[in-house]
Amino acid sequence: MSKVVGRFAPSPSGRMHLGNLWSCLLAWLAARSAGGGMVLRLEDLDPDRCRPEYCDQVMRDLEWLGLDWDNEPVYQSRRADIYAEAFRELERQGLIYPCFCTRAERLAASAPHRSDGAAVYDGRCRSLTQPDREELFRTRRPAWRVQVPEAEVSFTDLLQGSCAENLARDCGDFILRRSDGVFAYQLAVVVDDRAMGVTQVVRGGDLMSSTLRQIWLQERLGLPRPEYGHLPLLLAHDGRRLAKRDRDLELGQLQKQYTAPELVGRLALAANLIDRSQAISPQELIPLFAWEKLPKKDMAI
Ligand code: GLU
């Protein structure tokens with residue numbers, strides 16, 4: 001069997017919160033306990049949200065927790081040429097079209113039933129004629145969508161078992177390049193997972209529906225499929241998903257209350273890797289990691 005290569009893929013748009021640390025710790029343990037490698041990619045595609053100082057902070061925070069990675073980190077903001085090549089390949093396959101809809105029009109043109117709660121775009125710009133497009137190009141800068149088929153995509157998740165979605169019905173044509181030219185996460189992630197030799201993707205369950213899109217893109221681009229494990233989400237006490245705005249669960253605040261081994265212990269207890277609260281290092285958890293122990297359902301912490 002080939003060697004496992006896992007990855008950290010944080011978005012440096014602020015300080016990491018407990019949910020990010022949870023994903024990073026478990027992704028690291030899954031890879032290291034299999035004797036695998038671990039790579040780091042900074043998902044700083046969005047120039048409006050990401051800053052270089054946040055990238056440095058993310059790396060310091062991972063190190064503080066006791067997590068390491070192999071090789072130099074990869075910055076998505078420096079890889080537009082590589083994403084452009086994959087984009088052109090999909091264009092050659094006739095799958096890309098310009099979408100001129102404004103945000104308001106997009107909302108009007110969709111039925112809100114995607115599994116992640118997002119709206120499914122009805123594809124209205126797909127059927128514009130060439131003269132219509134030329135007319136619109138004069139006044140608007142389009143985003144670029146990929147046309148998905150009326151077909152089911154499925155895979156077996158390491159934790160959640162078998163997962164499937166009909167792309168046209170459940171997801172709809174999705175954006176691969178924004179109107180300001182920035183390539184979308186969905187495209188960058190499949191290109192980069194391949195380029196970085198990633199064989200195992202462990203991340204939060206909120207990305208499950210992205211995984212189905214990514215698997216379909218891999219198939220279109222002839223890329224191998226890594227294995228996927230989607231972790232339950234940690235919820236705030238009132239059942240909400242943790243967000244960057246939950247300042248008290250941001251690492252800067254957590255560091256005031258916990259040492260790194262105490263925080264790792266809290267996460268390890270939530271993951272059922274230990275059975276009582278204790279301070280412990282990621283290294284000490286390696287022999288205790290097993291997929292079968294992990295909880296499958298989202299839970300409050
Ligand atoms: N950058 C994404 C995030 O921080 C994770 C993407 C991924 O794991 O593919 O939510």
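We count ligands from 1, going down the list as the structure has it; atoms in each ligand are counted the same way.
Among all non-hydrogen protein atoms, the one lying nearest atom 8 (O) of ligand 1 is R7 NH1, 2.7 Å. Shortest contact from atom 5 (C) of ligand 1 to any protein heavy atom: A9 O, 3.4 Å.
Y83 and D192 share a side-chain donor-acceptor pair at under 3.5 Å. In this model, a donor atom of one side chain and an acceptor atom of the other lie less than 3.5 Å apart for S210 and Q186.
At distances below 3.5 Å, at least one donor-acceptor pair connects side-chain atoms of E262 with backbone N or O atoms of T259. Here the side chain of Q93 pairs a donor or acceptor atom with the backbone of R220 at under 3.5 angstrom.
To the nearest 0.5 Å, atom CG of residue L267 and atom CD1 of residue I274 are 9.5 Å apart.
A cation-pi contact links R177 to F183, judged by a cut-off of 6.0 Å to the six-membered ring centre and 45° from its axis.
If you number the atoms of ligand 1 from 1 as listed, the ones under 4.0 Å from a heavy atom of V189 come out as 9 (O). Close contacts of ligand 1 with L207, meaning ligand atoms under 4.0 Å from a residue heavy atom, involve 5 (C), 6 (C), 7 (C), 8 (O). For ligand 1, the atoms closer than 4.0 angstrom to any heavy atom of Y185 are 6 (C), 7 (C), 9 (O). Using a 4.0 Å cut-off to heavy atoms of E43, the atoms of ligand 1 that qualify are 1 (N), 2 (C), 5 (C), 6 (C).
An N or O contact shorter than 3.5 Å links R203 to ligand 1 by distance. Every N/O-N/O distance between P10 and ligand 1 stays at or above 3.5 Å.
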- Item | Y228 and F155: CA distance, side-chain angles, deciding distance, ring-ring contact (aromatic ring centres under 6.0 Å, His included) verdict | CA-CA 9 Å; Y228 290 93; F155 74 104; 5.8 Å; yes
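Of all the listed residues (A188, P12, S11), S11 holds the heavy atom that lies closest to atom 10 (O) of ligand 1.
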